[in-house]
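No experiment lies behind these values; they were computed from the predicted model shown. Note on naming: letters A, B, ... go to the chains in the order of the sequence lines (proteins, then strands), and numbering restarts at 1 for each one.
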Amino acid sequence: MLPSVFDTLKERGLIAQMTHEEEIKKLLEEEKVTFYIGFDPTADSLHVGHFLQLMVMAHMQRAGHRPIAILGGGTAMIGDPTGKTDMRRMMTREELDHNVACFKKQMSRFIDFSEGKALILDNADWFLNLNYMEFLRDIAVHFSVNRMLTFECFKSRLERGLSFLEFNYMLLQSYDFYKLNQEYGCVLELGGDDQWSNIIGGIELIRRKAGKQAYGMTFTLLTTSEGKKMGKTEKGALWLDPEKCSPYDFYQYFRNVDDADVIRCIKLLTFVPMDEIHRLEKLEGQELNEAKRILAYEVTKLVHGEEEAQKAKKTAEGLFSGGNAADMPSTELVASDLAEETPLLELMLASGLIPSKGEGRRLITQGGVSVNEEKVADPNVTIKKEKLFGDGIIVKKGKKVYHRISAK
RNA sequence: GGAGGGGUUCCCGAGUGGCCAAAGGGGGCAGACUGUAAAUCUGUUGUCUUCGACUUCGAUGGUUCGAAUCCAUCUCCCUCCA
């Protein structure tokens, strides 16, 4: 008998709502189900939010179900108005194609797309050549504007303004589901909890047009205990692309989550078995750091691979226990470009530790900068060129940001 | 197309001729306290060669000794009418 993925998802707190609890449970336990999740390629890398969705997909695939990942190359041309207060910037076809390619590459890391196991499709394939008249007659007839206006996702926008363009998003997503239902026998749509109304739209469309029953299930959004979206960093989102967010930074992000969020994150973002989680759940106070280490390591391992996770872990341990580690964020400057003595501020600026010298000055004045574990008091200190050769110097900003600066 | 309202620093939002690099809040960053947590308190938050200088208040031009503030044109957004 297959392990019940339904129970797994539930136990881990991934599920938020579903359309037919009993039927879905039964379906998942008895049949090989084809299901889908949509991703709008609005950036050139996936972020943790997507990762959560991929986890659900992975859980499902492990249990023998067949995932379809829909890349919204077509729908993203419209932009989902859900949860947005303003209209999204319109993206060009080229941007979207590029993003779709990036998404595909990253996803194949988590989901096995070998034949028959999973599919990855771009809805641009059917949307770009859609005939407006036909669409209106075949699909749009089934939607009631009166009903749509009552949906929560549009309510907030009614006050601020909602364009007809965006109003159509729901129809398009519904059409996706219908299309997949017809052509691939897809009977279940999953998505973040904010997708609820869009999913319902698809289910109704399938019922009306094909007379078939389809199901929907949403899962928890990745939020902090305070309800704020997680995965925000000063650079925007917490990207999965190592170029946009280094494995070390990625590791540190999770190493530093709030106490209140650790267990939740482990459940949602790792495959750590429930027994282990129950043990970690009992930890209190300082002991919770163990849970954080596990969380950070496991998530990093899933996203960047075991080797990178090890490296990130070792670096972090080295830095926070001894103040030294071979592998930390670093910048190497070209020696010939440097004078005999270079102001520390210049070096910090070059390494990206500070965005401006004013910021650096303030940091130093407030006692927030150390060089080789020695606090810097004077904003105008200079560093001799020879100190930068070999291992260079370790600049510490605040309590947690380490950066090696060297010259060659 | 007509009538009105509006675009202020990361965000929200005050500011209607000099006291404005611009109140207040949020967020960010740092310090203290800690557990690489939270809460709290404190400082800080345009750039630079930090004495001081320079650039910012949708864009461009103008009035003025002096403009975020007044005028003109343009542009974008919102509301109401068609």
Hunt down the Watson-Crick or G-U wobble partner of [N], both distances under 3.5 Å, from any strand shown, or write none.
N      : value
A72(B) : U60(B)
A3(B)  : U79(B)
C51(B) : none
U44(B) : G28(B)
G35(B) : none

Would you measure the distance from the [atom1] atom in [N] across to the matching atom in [M] and give it in whole Å?
N      : M      : atom1 : result
U16(B) : C70(B) : P     : 9 Å
A14(B) : G58(B) : P     : 14 Å
C57(B) : G7(B)  : C1'   : 10 Å
A67(B) : U55(B) : C1'   : 16 Å
A22(B) : U47(B) : P     : 13 Å
C12(B) : G27(B) : C1'   : 10 Å
G52(B) : C71(B) : C1'   : 34 Å
C20(B) : U75(B) : C1'   : 27 Å

Item to check | Heavy atoms from other residues, nucleotides or ligands near CG of D378(A) exceed 12 (cutoff 6.0 Å) | outcome: yes
Next on the checklist: Any non-hydrogen side-chain atom of T270(A) less than 4.5 Å from a side-chain atom of Y297(A)?
Outcome noted: no
Next on the checklist: Going by side-chain hydrogen bond (donor to acceptor under 3.5 Å, both in side chains), name the residues that satisfy it together with D259(A), two or more places apart in sequence or in a different chain.
Outcome noted: K292(A)
Checklist entry - Would you say a side-chain N or O of Q366(A) is under 4.0 Å from OP1 or OP2 of A30(B)? => result no
Checklist entry - Does a side-chain N or O from K400(A) land closer than 4.0 Å to OP1 or OP2 of A37(B), or not? => result yes
[X] has an atom [atom1]; how far is it from atom [atom2] of [N], in whole Å?
X       : N      : atom1 : atom2 : result
Y248(A) : U36(B) : OH    : P     : 13 Å
Q252(A) : U36(B) : CD    : P     : 11 Å
R362(A) : G28(B) : CZ    : P     : 15 Å
Q286(A) : U36(B) : CD    : C1'   : 11 Å
L295(A) : U36(B) : CG    : P     : 16 Å
I364(A) : C29(B) : CD1   : P     : 18 Å
K396(A) : G31(B) : NZ    : C1'   : 13 Å
K397(A) : A30(B) : NZ    : C1'   : 9 Å

Checklist entry - Base, sugar-phosphate, or nothing for V369(A), non-hydrogen atoms under 4.0 angstrom? => result nothing
For residues 15-22 of chain A, please give each side-chain donor-acceptor pair under 3.5 Å, one per line with the distance, not counting sequence neighbours.
| from | atom 1 | to | atom 2 | distance (Å) |
| --- | --- | --- | --- | --- |
| Q17(A) | NE2 | D193(A) | OD1 | 2.9 |
| T19(A) | OG1 | G216(A) | N | 3.0 |
| T19(A) | OG1 | G216(A) | O | 3.3 |
| H20(A) | NE2 | Q213(A) | NE2 | 3.3 |
| E21(A) | OE2 | K10(A) | NZ | 2.6 |

Looking only at the side chain of [X] (C-beta and beyond, no hydrogens), which of the listed nucleotides [options] gets closest?
X       : options                : result
L288(A) : U47(B), G35(B), U36(B) : G35(B)
K399(A) : G31(B), A30(B), G35(B) : G31(B)
F320(A) : U36(B), C29(B), A38(B) : U36(B)
K375(A) : A32(B), A30(B), U44(B) : A32(B)

Checklist outcome for this item: Those residues at least two apart in sequence (or on a different chain) that pass side chain to side chain contact (heavy atoms under 4.5 Å, CB included) with Q182(A) are Y178(A), A210(A), K212(A)
Next on the checklist: I'd like to check the side chain to side chain contact (heavy atoms under 4.5 Å, CB included) partners of T342(A); sequence neighbours left out, ordered by chain and number.
Outcome noted: L338(A), E346(A), L347(A)
Item to check | Any pair counted as ring-ring contact (aromatic ring centres under 6.0 Å, His included), so long as it reaches residues 354-389 of chain A, sequence neighbours left out | outcome: none
Next on the checklist: Both E284(A) and L363(A) contact RNA chain B. Taking the nearest nucleotide for each, which residue is further toward the 5' end?
Outcome noted: L363(A)
Checklist entry - For R293(A) and G368(A), take the nucleotide of RNA chain B holding the closest heavy atom to each; which residue's nucleotide lies nearer the 5' end? => result G368(A)
Checklist entry - What do you reckon, are the aromatic ring centroids of F250(A) and H304(A) less than 6.0 Å apart? => result yes
Next on the checklist: For F110(A) and F51(A), I'd like to know if the aromatic rings sit close, meaning centre-to-centre distance below 6.0 Å.
Outcome noted: yes
Checklist entry - Using a cut-off of 4.0 Å between protein heavy atoms and nucleotide atoms, how would you tag nucleotides 48-57 of chain B 5' to 3' with B, S and -? => result SSB-------
